[in-house]
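Accompanying notes for the structure given below.
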Amino acid sequence: MKTITDLPEWHALQAHSDGMRNLHLRDLFAQDPERFQHFSLQIEDLLLDYSKHRITAKTMTLLLDLARVADVEGWRDRMFAGEKINSTENRAVLHVALRNRAERPILVDGTNVMPEITAVLEKMRLFSERVRSGAWRGATGEAISDVVNIGIGGSDLGPVMACEALKPYQRPDLRPHFVSNVDAAHLSHTLARLDPARTLFIVASKTFTTQETMTNAASARTWLTDALGEDAVAKHFVAVSTNAAEVARFGIDTTNMFEFWDWVGGRYSLWSAVGLPIVLAVGFERFTELLEGAHEMDEHFRGAPLEQNMPVIMGLLGVWYRNFLGASTLALLPYDQHLVRFAAYFQQGDMESNGKSVRRDGTRVDYDTGPIIWGEPGTNGQHAFFQLLHQGTELVPADFLAAAESQTPLADHHEKLLANFLAQTEALAFGKTADEVRAELRERGQTGEALDALVPHRVFDGNRPTTSILYHKLTPRHLGSLIALYEHKIFVQGIIWGINSYDQWGVELGKELASRILPELQSHETVTGHDSSTSGLINHIQYLRRP
Ligand code: F6P
């Protein structure tokens, strides 16, 4: 059975990478004064600068050949057409339909899904307008001031990230909160600050069976009914789910349920009714702009030639580092405090999608797949982990994101933020040579052995690759485009690696084992049925908890 590593396109990249290992970004920039023009792309005021990568025109040609032979375009068209490309779950992958502002018909099993999407969006609009205007009243007749989203993973991270990102568009009198962890600390600390009469809960769960969410929802329900009585549930609980039967079983009237569909993956669901907390926080119009921004990126991804296609270029660069230059992680470093949860969001987005070792046909891969995604906003990271990025032994490609203009202008904060953004990518690429260090130290009056001893410590090798993504301002539209850009990048990589990016079987075993261990923790019997470590830990917990 031939795999991607058997193809001449892969071998060509391997051979090419041998020659590229010792090439320095300093040389690449010296050889081509127009490098920025040659290796950057722009869609309206969104700029992708990939010139500070260890690539040449030849590298890009070879990577694009790989994309073609992997049939990225064919798979992309199959996704947009509603084909069931999530083969292990026999599902279409249609988050793109949720933001299909052209309302082009998209068929799943012969039925156009657009009317259903439009109907749910309309329901979200009407509901959000009632809550935001104060027309929706709680059980005691008070307007809602706090919305608590109870969900986890894809039913949490997207709305959390987007609500943080769009803070400047929020009103102070309608505050979003998010409870995800089954650790009671999360729910307790959140509720401690809230008034039941003015609190609305959204229970968000695709399956409506997730242990953490159901446990938090049940406790939140008790908190509410203890204060306001059973009848209050209808005015203080709504659900977002694909599972009407379980929503009803929980006691939420399904007229207060916002539906989505099995062809929306959890980690791609913020565009669906899962985005309800975003709509409540910033209003339906802003949410529509978010969808429009994503749609613009979808159209670019569908239509732009591969060599000018932002998600394709980003996906290929990731493959280049992962498979040919040995990088195992990718840092996402927004120089934008509003994107404080961006890396956390794409940790799920990327790692749950491409953290796979088996191809679509069930055979094991013999090459690396999804990288570890991590990151924090700048400039904080500079004072924490950047030391390793600059001088460590690990090659860490990084994406730097920044807005040209601040949403919260204050004195010269934003210029300082941008100066750091630019300085870091420059330093990572070009470093500082021993001669430069020497000259600098001499200027400061250092000489002799003391100078020589310091030089190696102060040298920066450079040649550390970064992508710079610049946008005008973090508007809902730009946020939508940015998220869609990363979603499609993940898609491109999944296709090249031949894996199904849209299932997540790897999360199941832990869930199964937890449900087996739960009754053991609840009983006081000595446990022996596990390996000695697990049994030993359970028994030690019982011992520590003895009255
Ligand atoms: O355990 C992983 C996962 O299934 C994610 O894929 C999903 O986003 C999350 O749990 C929450 O699932 P649900 O929305 O069904 O509660």
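We use all heavy atoms of the structure for the numbers below, so side chains are in, but hydrogens, waters and symmetry mates are not. Just so it is clear, the structure is predicted and the values come from calculations on it, not from any experiment. As the structure lists them, so they are numbered: ligands from 1, and atoms in each ligand from 1.
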Can you give me a line-by-line list of nitrogen or oxygen pairs between ligand 1 and the protein shorter than 3.5 Å?
residue  : atom   : partner : partner atom : Å
ligand 1 : 1 (O)  : K511    : NZ           : 3.1
ligand 1 : 6 (O)  : E352    : OE1          : 2.7
ligand 1 : 8 (O)  : G154    : N            : 2.7
ligand 1 : 8 (O)  : Q348    : NE2          : 3.2
ligand 1 : 14 (O) : S155    : OG           : 2.7
ligand 1 : 14 (O) : K206    : N            : 2.7
ligand 1 : 15 (O) : S205    : OG           : 3.4
ligand 1 : 15 (O) : K206    : N            : 3.3
ligand 1 : 15 (O) : T207    : N            : 2.9
ligand 1 : 15 (O) : T207    : OG1          : 2.6
ligand 1 : 15 (O) : T210    : OG1          : 3.4
ligand 1 : 16 (O) : S205    : OG           : 2.6
ligand 1 : 16 (O) : T210    : OG1          : 2.5

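Every residue meeting the side chain to side chain contact (heavy atoms under 4.5 Å, CB included) condition with E164, not counting sequence neighbours, appears here in chain and number order: K167, V340, R341. Annotation: ring pair (Phe, Tyr, Trp, His ring centres under 6.0 Å) contacts of F237 (sequence neighbours excluded): F201.
Among pairs with a residue in residues 177-187, those fulfilling side-chain hydrogen bond (donor to acceptor under 3.5 Å, both in side chains) read D146-H177, at least two apart in sequence or across chains.
Between the side chain of S353 and the backbone N or O of G349, at least one donor-acceptor pair lies under 3.5 Å. Of the possible polar contacts, one joining the S241 side chain to the S205 backbone as a donor-acceptor pair under 3.5 Å is found.
For the pair K123 and F258, the cation sits on the ring face: its NZ or CZ lies under 6.0 Å from the ring centre, inside 45° of the axis.
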